[in-house]
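To keep things clear, I will list the structure first and then write my remarks on it.
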Amino acid sequence: MSKKEKKQPASPAPEAEETMTPETAAPEEPAPETQAGPSEAETLKQTIADQEDRFLRLAAEYDNFRRRTQKEKEGIYADATAAAVSALLPVYDNLERALKQETADEAYKKGVEMTMTGLLKALEGLGVKEIPAEGQSFDPNVHNAVMHIDDETLGENTVAEVFQTGFTLGEKVIRFAMVKVAN
């Protein structure tokens, strides 16, 4: 064979050719679906809905995680502050006792008062508040009754005297107020 003969494409055999008529032409649209399986569009819609659901669940889970960790951080801060304040309360008690003592040295008394004022401002800056007690109705949630007295001038379950001041940090009681209660 010569090179010219090899380069020419082979023509189809005459018997292989068919004439296409509109009745015999294959339709260009996809074949109708069987009732057994879902269509491709429905499958895609379901996949999108599943992915959207997973995304929403993940976003909600992240939001819950963020809130939980924020709450834990606040709790850790409150616990650390309460521990630090608890360590300072004996100093507060000693200053309070020193203020109750009579002294002839006015400069000494003024120094103790200034120290107590500074400590109270520092505690206030941390959000620590003194529990109101004397003359108040007894509340076992914030008061610790160590004595009972019979006093007609005070009402039933009224705090007559405070032995040790109590403190709170927000809703948390750092130290209960030690009190004498009238019956």
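Along the sequence shown, residues are numbered consecutively beginning with 1.
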Nearest atoms (heavy-atom pairs only) where [X] meets [Y]:
X      : Y      : answer
His143 : Ser137 : CE1-O, 3.6 Å
Thr69  : Arg66  : OG1-O, 3.0 Å
Phe176 : Pro140 : CE2-O, 4.2 Å
Val159 : Ala133 : CB-O, 3.2 Å

Candidate pair Phe167 and Ile131, rule side-chain contact (heavy atoms from CB on, under 4.5 Å), full reasoning: CA-CA 5 Å; Phe167 293 92; Ile131 296 172; 5.5 Å; no
same_hphob_cluster([X], [Y]) at 4.5 Å side-chain heavy-atom cutoff:
X      : Y      : answer
Val173 : Val146 : no
Val85  : Tyr77  : yes
Leu126 : Val91  : yes
Leu89  : Met116 : yes

Looking at Asp50 and Arg54, is there a salt bridge between them, counting it only when a charged N and a carboxylate O are closer than 4.0 Å? no
Residues Lys110 and Asp105 bridged, charged N to O under 4.0 Å: no
Decide yes or no for [X] and [Y]: does some side-chain heavy atom of the first lie under 4.5 Å from some side-chain heavy atom of the second?
X      : Y      : answer
Thr158 : Val181 : no
Lys180 : His148 : no
Val112 : Thr115 : no
Arg97  : Asp93  : yes
Glu113 : Leu95  : no

Evaluate side-chain contact (heavy atoms from CB on, under 4.5 Å) for Val128 paired with Ile174, printing each intermediate quantity in order. CA-CA 9 Å; Val128 177; Ile174 296 173; 4.1 Å; yes
Could you tell me if Glu42 and Gln46 have a donor-acceptor pair between their side chains, going purely by distance under 3.5 Å? no
Value rounded to 0.5 Å, distance of [atom1] in [X] from [atom2] in [Y]:
X      : Y      : atom1 : atom2 : value
Tyr92  : Leu123 : OH    : CG    : 8.5 Å
Lys73  : Ile76  : NZ    : CD1   : 9.0 Å
Leu154 : Asn183 : CG    : CG    : 10.5 Å
Leu99  : Lys109 : CG    : NZ    : 7.5 Å
Glu134 : Gln136 : CD    : CD    : 10.0 Å
Glu72  : Arg67  : CD    : CZ    : 14.0 Å

Any side-chain to backbone donor/acceptor pair from Arg175 onto Thr165? Under 3.5 Å, distance only. yes
Count the heavy atoms belonging to other residues, nucleotides or ligands that lie under 6.0 Å from CZ of Phe163, then report whether that count exceeds 12. yes
Does the side-chain contact (heavy atoms from CB on, under 4.5 Å) test come out yes or no for Val179 and Glu161, once each step is laid out? CA-CA 6 Å; Val179 298; Glu161 187 179 348; over 6 Å; no
